[in-house]
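Below is one structure; the comments refer to it alone.
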Amino acid sequence: MNAQAPKGTADMLPDVARAWEHLQRVAQELFARYGYEPVYTPLFEHTEVFTRGIGEATDIVSKEMYTFEDKGGRSITLRPEGTASVVRAALEHNLTANGAQAKLYYAGPMFRYERPQKGRMRQFWQIGIEVLGAAEPTADAEVITVLWRFFEALGIPAAIMRLLLNSMGDESCRPAYRDSIAAFIRQHARDLCEECVRRAETNPLRAFDCKNPGCREVMAGASLLRDELCDECAAHYAAVKTHLDALGIPYVEDSTLVRGLDYYTRTVFEIQVDAGLGSQNAIGGGGRYDRLMEAYDGPPTPGLGFALGFERTLLAMQAAGIEVPAPPRAEVFVARVDDSVTAEVFALAQRMRDAGVAAELDHQARSLKSQFKQADRLGARFVVVVGPDELASGEVTLRDMSTREEKRVALDAAPAAVAAALG
RNA sequence: GUGGGUGUAGCUCAGUUGGUUAGAGCGUCGGACUGUGGCUCCGAAGGUCGCGGGUUCGAGUCCCGUUACCCACCCCA
């Protein structure tokens with residue numbers, strides 16, 4: 001058979017898997033300090049959760065979803081992102097009933113059918129947080145701060161991160177602006193690329209994102225949403241910035257930042273780095289989605305959150321020279337001199353483990369010499385040598401691999417002695 | 001969906017104008033006074049040269065196709 005993992009997926013072997021767990025540990029510890037609780041939602045949902053939530057016209061929904069019909073005839077889709085599921089779950093379980101607030105975080109794989117490239121996989125992992133029921137700008141500033149602090153906690157220097165901030169307005173000011181941009185594009189159609197002209201009909205705001213220099217030049221003449229926000233949105237945006245300023249979180253206002261999911265309102269943000277990600281640059285991003293719950297026929301419920309990508313975060317860390325610490329695979333190696341002491345060695349290793357010590361032993365009938373090599377490779381601080389000589393006096397030899405010192409200790413007392421020596 | 005690049009041992013790669021048993025480094029395993037590591041030395045195992053056609057007396061080396069991976073476009077984490 002073909003042993004290759006499917007296109008766009010990757011096995012996470014120990015070195016990578018360890019980094020994965022490191023990210024999750026850092027996230028859990030940090031998020032807990034801000035009052036976020038874990039939540040696990042299904043990896044697949046009724047397709048409607050995403051089509052209604054993310055938006056029919058988005059790239060994600062129109063061409064990137066893993067959708068299939070299950071044996072019951074239901075249309076099922078592997079989740080392409082986490083927010084829609086969390087909001088759906090909050091609605092199902094009434095987490096925000098009577099004005100309650102929910103602060104949740106999740107971590108797990110997402111699925112998008114795309115051509116893989118650096119920093120982009122068909123199955124990729126995200127960690128995200130969501131705050132539901134919070135309308136105040138302090139919530140926006142908190143979510144952004146958590147994202148920023150997370151990357152800092154991983155050791156990514158603030159100097160290489162760029163936090164982009166923008167407001168997308170809401171239903172009272174965005175539609176008019178959107179129409180004006182569409183009109184602007186049609187007006188300058190002959191100076192813009194085909195793609196941008198097409199955008200006038202689908203998602204006009206995306207034209208600001210075009211990499212074509214000519215388009216950028218033309219779009220620079222368009223009015224900015226920042227200047228067209230309604231009073232409420234402008235005040236909210238200003239307050240978010242004030243709160244970020246107070247915390248010293250450095251942001252760059254970017255009126256062209258338009259995130260690709262339809263559900264965003266008001267605040268949107270993204271953290272980018274320049275090294276390690278290939279042609280990608282965003283390692284995390286998010287925003288406010290005050291109308292999303294209503295898209296599911298739920299009550300009006302403000303919400304916001306962020307998602308960050310494991311793969312990209314790791315690429316950024318690698319580029320920054322950050323190593324994920326690897327603990328020794330064994331603290332003590334229990335070596336046997338010959339087969340006559342196998343039973344004692346096996347039992348002793350178990351007593352070490354029961355005493356809380358990471359202990360390893362040979363399962364391949366290797367020579368004593370190669371057991372020492374093995375112990376060295378595993379990073380074991382101690383080797384306990386068990387042989388006929390030792391056992392004759394009810395003892396074992398305890399060798400400190402760093403100092404090469406050896407001493408005899410009683411067989412029964414060995415686990416405690418090793419545990420004590422390890423501190 | 002489109003374009004470009006690459007596919008030789010577990011990993012990183014060499015392989016001359018096509019010519020006899022395909023190499024190196026690292027890693028793995030074993031050994032270097034009979035019960036002991038990291039350095040050094042010696043040795044061993046390990047390869048359908050992505051796959052299928054074609055050209056040729058002969059192809060890892062040329063041609064065609066195919067597939068996988070990588071990178072980029074689109075878009076996104």
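We name chains A, B, ... by the order of the sequence lines, and we start the count at 1 in each one.
Put simply, CG on A:Asp170 and CG on A:Leu229 are 8.5 Å apart, with the number rounded to the nearest 0.5 Å. Atom CD1 of A:Ile271 is separated from atom CD1 of A:Ile160 by 11.5 Å, given to the nearest 0.5 angstrom. Rounding to the nearest 0.5 Å places CG of A:Asp140 at 4.0 Å from CZ of A:Arg288.
Toward the 5′ end of RNA chain B lies the nearest nucleotide of A:Gly8, the other residue of the pair A:Gly8 and A:Glu311 mapping further downstream. Between A:Arg366 and A:Pro116, it is A:Arg366 whose nearest contact on RNA chain B lies nearer the 5' terminus.
Contact annotation for A:Glu81: no contact, since no heavy-atom pair falls under 4.0 Å across all strands. Within 4.0 Å (heavy atoms only), A:Gly278 reaches sugar-phosphate atoms of the nucleic acid but no base atom. Among the heavy atoms of the strands lying under 4.0 Å from A:Ala282 are primed sugar atoms or P, OP1, OP2 only; no base atom is included. Using a 4.0 Å heavy-atom criterion, one finds that A:Met110 contacts no nucleic acid atom at all. Residue contacts shown for A:Thr313 are absent, as no nucleic acid heavy atom lies under 4.0 Å away. Backbone-only contact: A:Gln4 has heavy atoms under 4.0 Å from sugar-phosphate atoms and none from a base.
Computed from coordinates, the A:Gln371 CD to B:G31 P distance equals 12 Å when rounded to whole Å. A straight line from CG of A:Leu147 to C1' of B:A77 spans 11 Å, rounded to a whole angstrom. Atom CD1 in A:Ile129 sits about 15 Å away from atom P in B:A77, given to the nearest Å. The nearest whole Å value for the distance from the CD atom in A:Glu270 to the C1' atom in B:A77 is 9 Å. If you take CE of A:Met65 and P of B:C76, they are 15 Å apart, rounded to a whole angstrom. Rounded to a whole Å, the CD atom of A:Gln117 is 17 Å from the C1' atom of B:U6. Going from atom CD1 of A:Ile60 over to atom C1' of B:A77 covers 9 Å, rounded to whole Å. Taking atom CG on A:Asp262 and atom P on B:C76, their separation rounds to 10 Å, with Å as the unit.
In this structure, A:Phe124 counts as stacked on the base of B:A77 under the 5.5 Å centre distance and 30° plane angle limits.
The P atoms of B:G38 and B:G31 are separated by 12 Å, rounded to the nearest whole Å. B:A24 and B:G52 are spaced 31 Å apart, taking the C1' atom of each and rounding to whole Å. B:G54 sits 34 Å from B:G10 when the C1' atoms are compared, rounded to a whole Å. Spacing between B:C41 and B:C11 at atom P, rounded to whole Å, works out to 25 Å. Rounded to whole Å, the C1' atom of B:C29 lies 38 Å from the corresponding atom of B:C71. When the C1' atom is used for both B:G27 and B:G47, the distance is 16 Å, rounded to whole Å. Here the separation of B:A9 from B:G23, taken at their P atoms, is 14 Å to the nearest Å. Of the C1' atoms belonging to B:G25 and B:A14, the separation is 10 Å, rounded to the nearest Å.
Donor-acceptor pairing under 3.5 Å, judged by distance alone, is absent between the side chain of A:Arg115 and the base of B:C70. Judged by distance alone, with hydrogens and angles left aside, A:Gln280 brings no side-chain donor or acceptor close enough to the base of B:A72 to form a pair under 3.5 Å.
Dashed line: the shortest gap from a side-chain N or O of A:Ser279 to OP1 or OP2 of B:C73 is under 4.0 Å.
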- What's the verdict on salt bridge (charged side-chain N to carboxylate O under 4.0 Å, His left out) for A:Arg366 and A:Asp362, showing C-alpha distance, side-chain angles and the deciding distance? CA-CA 7 Å; A:Arg366 295 269 175 78; A:Asp362 167 51; 5.4 Å; no
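Looking only at atom types and distance, the side chain of A:Glu45 has a donor-acceptor partner in the side chain of A:Ser85 under 3.5 Å away. At a cut-off of 3.5 Å, with distance as the only test, a side-chain donor of A:Ser279 or A:Gln117 sits close to an acceptor on the other residue.
Under the 4.5 Å side-chain criterion, counting only non-hydrogen atoms from C-beta, A:Arg353 is not in contact with A:Pro415. Contact of the A:Leu391 side chain with the A:Val341 side chain is registered, since non-hydrogen atoms from C-beta on lie closer than 4.5 Å.
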- Note on the structure: With both pairing distances under 3.5 angstrom for Watson-Crick or G-U wobble, and | for a partner in another strand, the correct string for RNA chain B is (((((((..((((.....[...)))).(((((.......))))).....(((((..]....))))))))))))....
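A salt bridge links A:Arg291 with A:Glu294; the closest basic N to acidic carboxylate O contact falls under 4.0 Å. Note on A:Lys241 versus A:Glu253: salt bridge recorded, some NZ/NE/NH1/NH2 to OD/OE distance being below 4.0 Å.
The ring of A:Tyr105 has its center no closer than 6.0 angstrom to the ring center of A:Tyr36.
For A:Lys7, the side-chain atoms get nearest to B:C69 when compared with the rest of B:A77, B:C69, B:A72.
In this structure, A:Arg52 fails the cation-pi test against A:Tyr296, since its NZ or CZ atom is not both closer than 6.0 Å to the six-membered ring centre and inside 45 degrees of the ring normal.
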- How does each nucleotide of nucleotides 34-41 of chain B score, in 5' to 3' order, for protein heavy atoms under 4.0 Å: base (B), sugar-phosphate only (S), or none (-)? -BBBB---
